[in-house]
Amino acid sequence: MQQQAAAAYQQTAKKTASPRELEASLLSKSAAQLQRIKDDWDNKKSELDGALTYNRKLWTVFLTSVTKDENPLPVAIKQNVANLGIFVMNQTIQILANPAPEKLTVMININQELAAGLRTQMQQAAE
C-alpha cells in the first residue's frame with residue numbers, strides 16, 4: 001500500500017508546477033483533516049483512523065524520499081526531516097493507543113509549520 005502512495009505522490013508531483021507546492025498542499029490537507037476532527041471530536045472521532053493513516057502515508061513518503069542517497073538536500077535538513085518523521089510515527093501510535101483531541105495539536109502544528117516553510121521557500125525562490 002505504501003508503494004501505491006509513493007507512486008501516486010510521484011505521478012502527481014510530475015503534473016504540478018512544483019514538488020514543494022504539492023508537499024505543502026498535502027501537509028495542509030492532512031493538518032486540516034486532523035483539525036476538523038479535533039474541533040468536533042464527539043462527532044468526528046470515527047474519522048481519526050483514516051486521517052492518521054493518510055498522515056502516516058504522507059510522512060512515509062517523505063521519509064523514503066529524504067533518506068535516499070540521491071536526495072540533494074543537505075545532510076542536516078535530511079536528518080531534521082527524518083527525525084520529524086520518526087516523531088510523527090511515534091505520535092501516531094500514541095494517539096491510536098489512547099485517542100484524545102489534544103494529542104492532535106502537535107501533529108497539526110508540525111504539518112502546518114512545514115507547509116508554511118515550504119511555501120516561504122517557494123516564494124523566495126520566485127523572487
Please collect all side chain to side chain donor-acceptor pair (under 3.5 Å) contacts where either partner lies in residues 101-118, sequence neighbours excluded, each pair once.
-> Ser30-Asn111, Lys38-Thr105, Asn55-Asn111, Trp59-Asn111

Mind checking the [atom1]-[atom2] spacing from [X] to [Y]? Nearest 0.5 Å is all I need.
{"X": "Ser65", "Y": "Glu70", "atom1": "OG", "atom2": "CD", "answer": "8.5 Å"}
{"X": "Leu27", "Y": "Leu118", "atom1": "CG", "atom2": "CG", "answer": "6.5 Å"}
{"X": "Gln35", "Y": "Asp40", "atom1": "CD", "atom2": "CG", "answer": "11.5 Å"}
{"X": "Ile110", "Y": "Leu34", "atom1": "CD1", "atom2": "CG", "answer": "11.0 Å"}

Considering only heavy atoms from C-beta outward, does the side chain of Met107 approach that of Leu52 to under 4.5 Å?
-> yes

Got a list of side-chain donor-acceptor pairs under 3.5 Å for residues 77-93, not counting sequence neighbours?
unit_1 : atom_1 : unit_2 : atom_2 : d
Lys78  : NZ     : Lys68  : O      : 3.4
Lys78  : NZ     : Asn71  : O      : 3.2
Asn80  : ND2    : Ala76  : O      : 3.4
Asn83  : ND2    : Gln79  : O      : 3.2
Asn90  : ND2    : Ile86  : O      : 3.4
Thr92  : OG1    : Val88  : O      : 2.8

Under the 3.5 angstrom rule, does the side chain of Thr64 hit a backbone N or O of Thr60 as a donor-acceptor pair?
-> yes

Applying side-chain hydrogen bond (donor to acceptor under 3.5 Å, both in side chains), run through Gln94 and Asn98 and close with a yes or a no.
-> CA-CA 6 Å; Gln94 290 178 14; Asn98 189 14; over 6 Å; no

Distance-only donor-acceptor hits, side chain of residues 44-51, under 3.5 Å, sequence neighbours excluded:
none

If every non-hydrogen atom of Ser28 is compared with every non-hydrogen atom of Ala115, which pair is closest and at what distance?
-> OG-CB, 3.5 Å

